[in-house]
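Down below is the structure, laid out as structure tokens.
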Amino acid sequence: MSKEVKRYTITAALPYTNGPVHIGHLAGVYIPSDIYARFLRSNQKDVVFVCGSDEHGVPITISAKKEGVTPQQVVDKYHKIIGDSFKELGVSFDIYHRTSDAMHHETASDFFKHLHNEGLFIEKVSEQYYDEKENEFLADRYITGTCPHCKSEDAYGDQCEKCGTSLSATDLIEPKSALSGNKPVLKETKHWFLPLDKYEAWLKEWILDGHKSDWRSNVYGQCKSWLDQGLQPRAVTRDLDWGIPVPAEGADGKVLYVWFDAPIGYISATKQWAKDYGKDWEPYWKSDDSKLVHFIGKDNIVFHCVIFPSMLKAHGDYILPDNVPANEFLNLEGDKISTSKNWAVWLHEYLEDFPGLQDVMRYVLCATAPETKDNDFTWKDFQTRNNSELVGIYGNFINRVVVLTNKYYEGVVPEREELSDYDKEVLAELKAFPAKISKSIEAYRFREALMEMMNLARLGNKYLADEEPWKLVKTDEVRTKTIMNIALQIAANLSVVSEPFIPFSAEKLRTMLGLDQLLWEQAGKDNLLVEGCKIKKAELLFRKIEDAEIEAQLEKLEATKLANQMVKSQKANVSFDDFCAMDIRVGTIIAAEKVKKTKKLLKLTIDTGIDVRTVVSGIAEYYQAENIIGEQVSVLVNLASRKIKGIESQGMVLMAEDKDGALRFVKPSDVSSNGSTIA
RNA sequence: CGCGGGGUGGAGCAGUUGGUAGCUCGUCGGGCUCAUAACCCGAAGGUCACUGGUUCGAGUCCAGUCCCCGCAACCA
């Protein structure tokens, strides 16, 4: 069922505006999508590449509350940081929009109204969890409890991260409010649901049969597991005051669920762009000969492959994504990137620390993009890739060619005479590159494409080394000219095929060679540089990155680690009575054994002087069971008992926790009798 | 039997539909000296975790085993 594609609609996941963008986002979404969009434009395709800030939802209201500002102030701040840094990195969005914009409110609202008028929603008055202490309805994400499927005790209200099941908060057994820790109460509220179950059969056919071979296995597998479990109607509205008001009767105080409105943001952005440039947005979303591609991270698969397509299908006018090339996650120096722990390389900081080196980060992140599995970013690797690949192979080749041309011919492109067999071979290889690179990009294999691009530079270096024009120039001028001409053609081709990956350097190169922006279809030709034209003086495309710069970055990360381990600040005051309420005694460990199937737990038997009791303690990483028998410890004996891993724990052993998390017993300095009180 | 990812030359990784095992870094030797001590060539180094199976042929498919790493869980 191949159809001719007339235009492309490329979307990049909308960054959630409660923090800046980091390298994980870039490697997963923005670099690949930008390469794809630039590649298509170079092929003269009709492309719209959209993105924008995702500015609604509960987490933003919480950040706002914490910082004592309005949600709008929070999103304004990050919208600017994110938008500016994307621009500086050269991410070529046709528009970077935002979901708090009026255009988006209107579009999302209309979308809802359309489905509403067609009777495609289920309206349900249901009982939702309500936190009486905080005086608000609780978003699914802010309720935790036991998963009905796998019995995991810490499932979230929207999804169990343990078994991956998509849930409703009311499915949870023993729910708890994540805001206050209270048990939430059920309160009646009316909501609109999209009956996903009605689209299940269709989704199965569309994805499981239709995209078995062209979607990535991680995406396909994820979808399959959801579809196999069966879909439930899903609420598309929420009780909240931050978002897009629900355009229906009896919907006061309700807004569209952020996951309903966010993907519509792609559509609004396209509309705004069309308006700005006097275009018609509709074909990009409604015409069968348009190809829609969503670039996302793996955390977004269900929304882009199941929910949003169901919305589009329900609406009826829209086309569906042709592919959703989701990437995995990028780690940083071996540890998971974490916004809350500040364990990240933030784009806006990188741009400050390494001014003018946008292409280096673009290159490295593409080369190490987590296309098939989680991957690791290290600064050492960043340095090596820059120094040995960008500088040593690409930059050096260009420099050699340009320097020689200037030296021998004062920058004038020499004429090509008779070709040797080897010349012909090299030109044939050159000609094959663009197609190879295209093929990889079209299959969303950007690492592979990048490697091929680099191989073209390698071909150039090899050609020079084999032909040694610096020797021949003394004996055979004609031959030397031919060689230099061919080397220059390779350089010119590099400027074309490397543009999607490293646009800043490609442009520098074009300028150096005196070329206009060339199109992809011209790549592979052996006459991009016309004989007699003049090129400019050599200018380095890339510079080496010194050890000191890498060390500075590593120190920055080290500082973050230390900051995370800072001595904890003082807790709120308690009364003397509160303190006296705790009964702490000296006890002696008389038996200890590891609790099976746990990493941290030891089951201790302790003589407290009062009795002999069992205490489960999370110290197994620091103490071996057999080594602590006979040790005296401090025990909080009147703590309510609790079952841990099926063992009744009657108290708590007091531990000193060091900055690095290491635990040590708090004990009397001399042996004391069991049951001695501690106060 | 919680979920997932992985085990390929010293290190880090590719290996798409099964058909002579590749890349980058490192090491050693050589070439070149146009070039940002960069470039080019060559060499050493792998029983592709293990065991069975399918096949003319398996790193690649199937079954099982072992190990590692995330996440989750456990921490009163």
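Lettering of chains follows the sequences in order, A, B, ..., and the numbering in each one begins at 1.
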Interatomic distance, [X] [atom1] vs [N] [atom2] [rounded to whole Å]:
{"X": "A/L654", "N": "B/C75", "atom1": "CG", "atom2": "C1'", "result": "14 Å"}
{"X": "A/L330", "N": "B/G70", "atom1": "CG", "atom2": "P", "result": "16 Å"}
{"X": "A/F377", "N": "B/G70", "atom1": "CZ", "atom2": "C1'", "result": "20 Å"}
{"X": "A/K380", "N": "B/C13", "atom1": "NZ", "atom2": "C1'", "result": "17 Å"}
{"X": "A/L450", "N": "B/A14", "atom1": "CG", "atom2": "P", "result": "15 Å"}
{"X": "A/M512", "N": "B/U36", "atom1": "CE", "atom2": "P", "result": "13 Å"}
{"X": "A/L459", "N": "B/C39", "atom1": "CG", "atom2": "C1'", "result": "13 Å"}

Using a cut-off of under 3.5 Å, enumerate the N/O to N/O pairs linking the protein to nucleotides 30-35 of chain B.
residue, atom, partner, partner atom, Å
B/C32, O2', A/W470, NE1, 3.1
B/C34, O2, A/R400, NE, 3.1
B/C34, N3, A/R400, NE, 3.1
B/C34, N3, A/R400, NH2, 2.5
B/C34, N4, A/R400, NH2, 2.9
B/A35, O3', A/N399, ND2, 3.0
B/A35, O2', A/N396, ND2, 2.5
B/A35, O2', A/N399, ND2, 3.1
B/A35, N3, A/N396, OD1, 3.4
B/A35, N3, A/R400, NE, 3.0

What's [X] touching, base or sugar-phosphate or nothing? Going by heavy atoms closer than 4.0 Å.
{"X": "A/F397", "value": "nothing"}
{"X": "A/L390", "value": "nothing"}
{"X": "A/T368", "value": "nothing"}

Could you give the distance separating [M] and [N] at their [atom1] atoms, to the nearest angstrom?
{"N": "B/C25", "M": "B/G45", "atom1": "C1'", "result": "15 Å"}
{"N": "B/C67", "M": "B/U27", "atom1": "P", "result": "36 Å"}
{"N": "B/G9", "M": "B/C66", "atom1": "P", "result": "22 Å"}
{"N": "B/U16", "M": "B/G22", "atom1": "P", "result": "14 Å"}
{"N": "B/G31", "M": "B/C23", "atom1": "P", "result": "23 Å"}
{"N": "B/G59", "M": "B/U54", "atom1": "P", "result": "16 Å"}
{"N": "B/G29", "M": "B/C13", "atom1": "P", "result": "29 Å"}
{"N": "B/C34", "M": "B/C40", "atom1": "C1'", "result": "13 Å"}

#### Entry: Dot-bracket notation for RNA chain B, counting Watson-Crick and G-U pairs under 3.5 Å, with | for partners on another strand
.((((((..((((.....[..)))).(((((.......))))).....(((((..]....))))))))))).....

### Query
Going by heavy atoms in the side chains, are A/N396 and A/V391 under 4.5 Å from each other?
no

#### Entry: Side chain to side chain, A/L390 and A/M454, heavy atoms closer than 4.5 Å
yes

### Message
For residues 480-489 of chain A, which residue pairs pass the salt bridge (charged side-chain N to carboxylate O under 4.0 Å, His left out) check, not counting sequence neighbours?
### Response
A/E415-A/K481

### Task
Name all pairs fulfilling the ring pair (Phe, Tyr, Trp, His ring centres under 6.0 Å) condition that reach into residues 386-414 of chain A, sequence neighbours left out, sorted by first residue then second.
A/Y394-A/F542

### Task
Could you name each residue pair satisfying ring pair (Phe, Tyr, Trp, His ring centres under 6.0 Å) that touches residues 469-494 of chain A, not counting sequence neighbours?
none

### Message
Please enumerate all residues that pass salt bridge (charged side-chain N to carboxylate O under 4.0 Å, His left out) together with A/R362, with sequence neighbours excluded.
### Response
A/D34

### Non-neighbouring partners of A/K471 that pass salt bridge (charged side-chain N to carboxylate O under 4.0 Å, His left out), sequence neighbours left out
A/E468

### Query
Between the side chain of A/N485 and the main-chain N/O of A/P414, is any donor-acceptor distance below 3.5 Å?
yes

Please identify each residue that fulfils side chain to side chain contact (heavy atoms under 4.5 Å, CB included) with [X], with sequence neighbours left out.
{"X": "A/E549", "value": "A/F354, A/R543, A/I545, A/E546"}
{"X": "A/L636", "value": "A/M582, A/I584, A/N638, A/L639, A/M652, A/L654"}
{"X": "A/V412", "value": "A/K534"}

Short N/O separations, protein against nucleotides 7-12 of chain B, under 3.5 angstrom:
none

#### Entry: Upstream residue (5' side of RNA chain B) when A/G395 and A/G392 are each assigned their closest nucleotide
A/G395

### Summary
Assert: residue with more 5' nearest nucleotide on RNA chain B, out of A/E539 and A/D466, is A/E539

### Message
Does the protein touch nucleotides 16-26 of chain B at the base, only the backbone, or not at all? Give it as B, S and - per nucleotide, heavy atoms under 4.0 Å.
### Response
B-------SS-

### Task
Apply ring-ring contact (aromatic ring centres under 6.0 Å, His included) to the pair A/Y363 and A/F501, showing each step before the final yes or no.
CA-CA 7 Å; A/Y363 179 82; A/F501 308 97; 8.5 Å; no

### Task
Determine, step by step, whether A/E452 and A/N455 satisfy the side chain to side chain contact (heavy atoms under 4.5 Å, CB included) criterion, reporting the C-alpha distance in whole Å, the side-chain angles of both residues, the deciding distance to 0.1 Å, and the verdict.
CA-CA 5 Å; A/E452 284 300 342; A/N455 282 342; 3.7 Å; yes

#### Entry: Flag for A/T384-A/D381: side-chain donor and acceptor within less than 3.5 Å
no

### Query
Between A/K462 and B/C41, does any side-chain N or O lie under 4.0 Å from OP1 or OP2?
yes

### Query
Where do A/R585 and A/I678 land on the side chain to side chain contact (heavy atoms under 4.5 Å, CB included) test, with the steps shown first?
CA-CA 6 Å; A/R585 306 289 181 113; A/I678 297 175; over 6 Å; no

